[in-house]
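Some notes on the structure that comes next.
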Amino acid sequence: MGSAGRSAPGPAGRSAPGPAGGPAVGPSVPADSVPADSVPADRALAYRALAWYAEAARDLPWRRPDAGPWAVLVSEVMLQQTPVSRVLAVYSAWLRRWPSPRALAADPPGEAVRAWGRLGYPRRALRLHAAAAVIDREHAGHVPDDLDALRALPGVGAYTAAAVASFAFRRRQPVLDTNVARLLTRLFADGTRASDGLLRQTLDRMLPTEPAVAAEASVAFMELGALVCTARSPACGPCPLRSQCRLHSSRGLVSEGSSRPPNGASPPSGQPELAGAPRRPPYRGSVREARGLVLAALRSSPGPVAAGTLSLACPDATRRASALAGLLADGLLQALPDGTYALP
DNA sequence: AATGCGTGGTC
DNA sequence: TGACCAAGCAT
């Protein structure tokens, strides 16, 4: 257990976490003096989120009772950096075709890439296939419920492992994704963005004791981040945590709906946020785009495609060559002896 | 630890 | 209209 301050997840050092935070900001207490009787205050936030979730939750297929661990794993991998709206159709078709890890492992990986469609980051399809093979071979076809075993699966990182352990097996696990991180950062806003470790520690204090309830609370936090405490324009009005939210109160009682607290931190000093954010390289005209074009051509063909077909799909020879080399290296593409290309 | 990895929607 | 954003992971 760390002695980390329990108030703001942010490093206790920065931005003078002084008690100045004020009493109205809820679970904010000077570091050090913290003890156990303050824990329920954090848990109260979870119960508020739970109550809100009971009313506002979306009905998503992977949350239904009939969604087993495999379905949950599939959904979590598909949802990595990908909006729910785009995942829905692919998810259904995927599970219909491969209702178990064993079924997927029995097909060639290229079929997974094909079924992945335009979800993006097609390496995820490859890794999900590889994960299915590991599950089949090393876990008797059952998705493991152990955090470390999950973490060891290809394509499964800290978030996905915690999500599967929690949502599929009702284990009491802090589940930290971008939604929850944003939510906590605003909730305890002290001008800094805490480390993931500290955020998870904070979450752990917030989760109810009963594992199944904790699991539900984790989904509730994520849903809150996805629907209410959104990145661009958070709707503080309906937020069940509003009265406990440090950022919201620091904004001075923003009305509702359109209330728009900026992001987590206000630059302490002048810092005109100049050369700060590194600009993302343009997608148009990139090798990245070329990879997509080549893969799309492969997907749309039932069998191998000729080099000439790829030239049509991606006319720029330089980028096409880079894309092919990259896809080959990633195992997303196979070069056949006759000069054609195919999915692996 | 900073990068690279798809794709499409939104304001 | 381009920049940001969407349930991250691997290297």
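Each chain gets a letter, A, B and so on, in the order its sequence line appears, and its residues count up from 1. When reading the values below, keep in mind they use all heavy atoms of this one structure, side chains included, and skip hydrogens, waters and symmetry mates.
- Residues that satisfy the side-chain hydrogen bond (donor to acceptor under 3.5 Å, both in side chains) test with A:Tyr341, not counting sequence neighbours, are absent from this structure.
- Residue A:Gly157 is in sugar-phosphate contact alone, with no base atom involved, counting any heavy-atom pair closer than 4.0 Å across all strands shown.
- Using a 4.0 Å heavy-atom distance criterion, A:Arg63 is classed as a base contact.
- For the OP1/OP2 pair of C:dG8 and a distance below 4.0 Å, the side-chain nitrogens and oxygens of A:Tyr121 include no atom meeting the criterion.
- Using a 4.5 Å heavy-atom threshold, the side chains of A:Asp145 and A:Pro69 count as separate.
- Nearest nucleotide to the A:Arg86 side chain, out of C:dA7, B:dC5, B:dT7: B:dT7.
- Among the atoms of the strands shown, none is found under 4.0 Å from any heavy atom of A:Val180.
- Salt-bridge formation is detected for the pair A:Arg170/A:Glu216: a Lys NZ or Arg NE/NH1/NH2 atom is positioned less than 4.0 Å from an Asp or Glu carboxylate oxygen.
- Residue contacts for A:Pro282: at a heavy-atom cut-off of 4.0 Å it reaches no nucleic acid atom on any strand shown.
- Using a 4.0 Å heavy-atom criterion, one finds that A:Arg58 contacts the bases of the nucleic acid, with or without backbone contacts as well.
- An OP1 or OP2 oxygen of C:dA10 is reached within less than 4.0 angstrom by a side-chain nitrogen or oxygen of A:Arg151.
- Contact of A:Arg288 with B:dT7 (side chain to base): no donor-acceptor pair of N or O atoms is detected under 3.5 Å.
- Side-chain proximity of A:Arg118 to the nucleotides B:dG8, C:dA10, C:dA7 is greatest for B:dG8.
- Closest to the A:Arg232 side chain, of the nucleotides C:dA6, C:dA7, C:dC5, is C:dC5.
- Listed candidates were C:dC5, C:dG8, B:dT7. Nearest to the side chain of A:Tyr159 is C:dG8.
- If you look at A:Trp70 and A:Trp98, their ring centroids are not closer than 6.0 Å.
- Note on A:Leu119: a base of the nucleic acid sits closer than 4.0 angstrom, heavy atoms only.
- Residue A:Gln80 places no side-chain N or O under 4.0 Å from the OP1 or OP2 atom of C:dG8.
- Picking from C:dC5, C:dG8, B:dG8 the nucleotide with the shortest atom distance to the side chain of A:Thr160 gives C:dG8.
- Judged by distance alone with a 3.5 Å cut-off, a donor-acceptor contact links the side chain of A:Thr82 to the base of B:dG6.
- Using a 4.0 Å heavy-atom distance criterion, A:Trp116 is classed as making no nucleic acid contact.
- Here A:Arg123 lies in heavy-atom contact (under 4.0 Å) with a base.
- Note on A:Leu60: a base of the nucleic acid sits closer than 4.0 angstrom, heavy atoms only.
- The residues A:Glu289 and A:Arg319 are annotated as not salt-bridged, no charged nitrogen and carboxylate oxygen being separated by less than 4.0 angstrom.
- In this structure, CZ of A:Arg291 is placed 9 Å from P of B:dT7, rounded to the nearest angstrom.
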